[in-house]
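Below is one structure, written out as structure tokens, with a few remarks after it.
Only this structure's heavy atoms are used, side chains among them; waters, hydrogens and symmetry mates stay out.
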Amino acid sequence: MYYFDIDDSGEASRDVFGIELRDLYEARDQALSLLPDIARDHAVDAEHRTITAVVRCHEGRERYRTTLSVQGEWIEAPDYPEA
């Protein structure tokens, strides 16, 4: 059983359910696939985000960590106000 705790720019959520996976490598793959989905689902919320997933094993030990940073900046701002 592996648990996936998420920190989305300071908003933390601790996984209490977990997922039964074959091994730590599969848990790593799952953690890596979570981050782009989270960023995509909340893409308009912020220009700057850091999303971290921590994999914990059934014993509660942290075993793997992955982080995705999104940085947005205008090169040339649009000529019209935000809708």
Ala27 to Leu21 - nearest heavy-atom pair and separation: CA-CD1, 3.6 Å
Exercise: identify the closest heavy-atom pair between His48 and Ser9: O-OG, 4.2 Å
Between [X] and [Y], is there shared hydrophobic-cluster membership here, with clusters defined by ILVMFWY side-chain heavy atoms closer than 4.5 Å?
X	Y	value
Leu32	Tyr2	yes
Val55	Ile6	yes
Ile51	Leu34	yes

Looking at [atom1] of [X] and [atom2] of [Y], how far apart are the two atoms once the value is rounded to the nearest 0.5 Å?
X	Y	atom1	atom2	result
Ile38	Ser13	CD1	OG	7.5 Å
Glu59	Met1	CD	CE	13.5 Å
Arg28	Asp23	CZ	CG	9.0 Å
Ile19	Phe4	CD1	CZ	5.0 Å
Arg56	Arg65	CZ	CZ	11.5 Å
Asp29	Arg22	CG	CZ	9.0 Å

Residue Glu73 excluded, over 12 heavy atoms near CD under 6.0 Å: no
Polar side-chain atom of Asp5 near backbone of Asp15 as donor-acceptor pair, under 3.5 Å: yes
Candidates Val70, Thr52, Leu68 - the one meeting side chain to side chain contact (heavy atoms under 4.5 Å, CB included) with Leu35: Leu68
